[in-house]
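One structure is given below, encoded as structure tokens.
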Amino acid sequence: WKPFINGIIKCGECGAAITTTVKKKYYKRTNRAVEYRYNHCTHNLTTNCSQQPLTAEELEQQLFTSIERINIDKETWDLGILLLKEKHKGEVVKNFGYLKEYRTQLTKLEERLASLIDLRADKEITKEQFAERKGSILNDKAKIESLIKDFEASATNWIEQAEEFLNIAFNCREIIENGTFEEKRNLVLRVGQNFILMNGKLSFQMKQPYDALLKPEFRINVMALVDYVRTYFTSPTSDFFVLDTLPQEHLQPLQLDIS
């Protein structure tokens with residue numbers, strides 16, 4: 001056993017971290033050693049905190065009982081994965097034309113740059129003209145390369161994150177019951193935030209998009225859940241962008257002079 005919650009939970013009274021103390025006691029009459037584990041405030045911020053220790057078993061039970069609420073069954077997981085893949089497939093087909101057009105424009109810009117170099121080598125243009133035209137081409141080239149990179153990354157990022165979300169929801173009960181120290185700690189940090197222990201009661205907030213699994217409308221409608229998760233992982237605040245949620249100017253070929 002290892003205290004996987006150390007550093008995650010704060011005291012609701014003084015704001016200091018909650019830590020774990022392990023005490024071993026030997027009972028001579030029965031010739032046995034017993035280990036007692038307690039979670040308590042570290043009192044690092046003040047010595048006047050009045051919060052009392054709580055057994056590690058009780059705190060873990062409160063924590064995992066709450067986290068287990070996001071668990072989904074295999075039927076939901078299977079359907080969710082299927083719907084994600086179908087939605088992703090449709091988006092790939094829908095946006096293939098944009099990528100094709102961007103790559104065509106990129107090729108034309110590279111050809112234009114090569115021609116410009118030849119013009120300068122033959123001294124048909126001045127050094128200043130070459131520098132000005134080269135700068136314009138490279139600027140346009142950088143814009144298109146950035147768009148291609150965004151499109152290609154978004155084609156995989158959001159679905160990978162969404163699949164991981166479903167995997168965590170499906171496996172959370174198994175992790176709670178049989179997971180390693182690292183697996184349990186990672187699960188807690190992945191799905192929860194703002195952990196507070198006050199008067200023996202643990203409270204915390206479920207992170208997005210795991211909070212959706214606490215809402216009945218998403219528990220009974222897998223399609224709605226998939227749409228919610230996809231929207232979350234493609235929002236700017238999540239640092240994941242999907243093809244048809246990029247800014248409007250990213251959804252159509254750039255109008256560049258590449259003749």
Side-chain angles (χ1 to χ4, degrees), residues 1-74 76-77 80 161-216 218-219 225 229 232-233 238:
W1 182 88
K2 295 174 68 176
F4 65 89
I5 64 171
N6 283 3
I8 295 177
I9 304 173
K10 291 186 177 181
C11 174
E13 181 174 334
C14 71
I18 297 296
T19 191
T20 305
T21 294
V22 179
K23 294 183 178 181
K24 296 182 179 180
K25 186 173 182 180
Y26 176 71
Y27 292 91
K28 187 175 182 179
R29 191 175 69 176
T30 58
N31 191 31
R32 65 189 182 96
V34 179
E35 184 177 88
Y36 297 97
R37 302 190 294 265
Y38 300 94
N39 292 114
H40 57 86
C41 178
T42 58
H43 301 102
N44 286 339
L45 301 181
T46 177
T47 58
N48 297 322
C49 183
S50 64
Q51 294 298 300
Q52 298 300 306
L54 182 69
T55 66
E57 291 78 7
E58 185 175 352
L59 183 57
E60 287 183 19
Q61 182 178 13
Q62 290 187 43
L63 175 63
F64 287 140
T65 297
S66 295
I67 290 179
E68 197 173 18
R69 294 166 60 200
I70 69 169
N71 183 250
I72 60 175
D73 57 28
K74 190 173 188 306
T76 301
W77 179 84
Q161 293 294 316
E163 287 180 344
E164 185 177 13
F165 161 83
L166 290 175
N167 290 338
I168 289 174
F170 177 60
N171 292 310
C172 74
R173 182 172 295 162
E174 175 63 22
I175 293 174
I176 289 171
E177 294 176 353
N178 303 305
T180 64
F181 163 84
E182 290 80 10
E183 289 171 338
K184 290 181 179 180
R185 184 174 177 85
N186 289 339
L187 173 64
V188 172
L189 291 172
R190 188 59 180 266
V191 306
Q193 62 187 356
N194 302 326
F195 295 88
I196 301 295
L197 182 62
M198 182 70 173
N199 297 327
K201 301 296 182 183
L202 176 68
S203 64
F204 67 94
Q205 298 171 334
M206 203 69 73
K207 289 181 180 178
Q208 288 184 297
Y210 298 94
D211 59 340
L213 293 168
L214 304 179
K215 302 175 181 179
F218 292 122
R219 302 291 301 193
L225 176 63
V229 171
Y232 172 76
F233 284 121
S238 301

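Scope of the values below: all heavy atoms of this structure, side chains included, with no hydrogens, waters or symmetry mates. Quick note: residue numbers are just sequence positions, from 1.
With a 4.5 Å cut-off on side-chain heavy atoms, Y38 and T55 count as touching. Using a 4.5 Å heavy-atom threshold, the side chains of K184 and I176 count as separate. Inter-residue side-chain proximity for K207 and R190 is flagged as unmet; no heavy-atom pair is nearer than 4.5 Å. The shortest distance between side-chain heavy atoms of V229 and F233 falls below 4.5 Å. Within the 4.5 Å cutoff, no side-chain heavy atoms of V34 are placed close to those of K24. In this structure the side chain of S203 never reaches within 4.5 angstrom of the side chain of M198, judged on heavy atoms. Under the 4.5 Å side-chain criterion, counting only non-hydrogen atoms from C-beta, H40 is in contact with T19. Looking at heavy atoms from C-beta onward, N167 lies in side-chain contact with W77 at the 4.5 angstrom threshold.
A 6.0 Å sphere centred on CD of E68 holds more than 12 heavy atoms belonging to other residues, nucleotides or ligands.
Distance alone, capped at 3.5 Å, places no donor-acceptor pair between the N194 side chain and the F204 backbone. Proximity of a side-chain donor or acceptor of R219 to a complementary backbone N or O of L213 within less than 3.5 Å is detected. A donor-acceptor contact shorter than 3.5 Å links the side chain of Q51 to the backbone of N199. Side-chain atoms of E183 never come within 3.5 Å of backbone atoms of F181 as a donor-acceptor pair (strictly under, hydrogens ignored).
In this structure, CZ on R173 lies 13.0 Å from CZ on R69, to the nearest 0.5 angstrom. Between atom CD1 of residue I8 and atom CG of residue L197 there is a gap of 13.0 Å, rounded to the nearest 0.5 Å. Interatomic distance, T20 OG1 to I9 CD1, rounded to the nearest 0.5 Å: 8.5 Å. With rounding to the nearest 0.5 Å, the separation of CG in L54 from CD in E60 is 10.5 Å. With values rounded to the nearest 0.5 angstrom, L45 atom CG is found 11.5 Å from E13 atom CD. Between the CG atom of L166 and the OG1 atom of T76 there is a distance of 9.5 Å, given to the nearest 0.5 Å.
The aromatic rings of Y210 and F165 lie tilted to each other, with the angle between the two planes from 30° to 60°.
When ring centroids are compared, F4 and F64 come within the 6.0 Å threshold.
Looking at every heavy atom in both residues, L202 comes nearest to Q62 through N-OE1, 2.8 Å. Taking every heavy atom of both residues into account, M206 and S66 meet most closely at CE-O, 3.9 Å. Of all non-hydrogen atoms in G12 and I196, the two that sit nearest each other are CA-CG2, 3.4 Å.
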**Request:** Show the numbers, then the answer: is there a side chain to side chain contact (heavy atoms under 4.5 Å, CB included) between F195 and I5?
**Result:** CA-CA 10 Å; F195 295 88; I5 64 171; over 6 Å; no
**Message:** I'd like to know whether I70 forms a side chain to side chain contact (heavy atoms under 4.5 Å, CB included) with C172, so could you lay out the CA-CA distance, the side-chain angles of the two residues, the decisive distance to 0.1 Å, and finally the verdict.
**Reply:** CA-CA 8 Å; I70 69 169; C172 74; 4.0 Å; yes
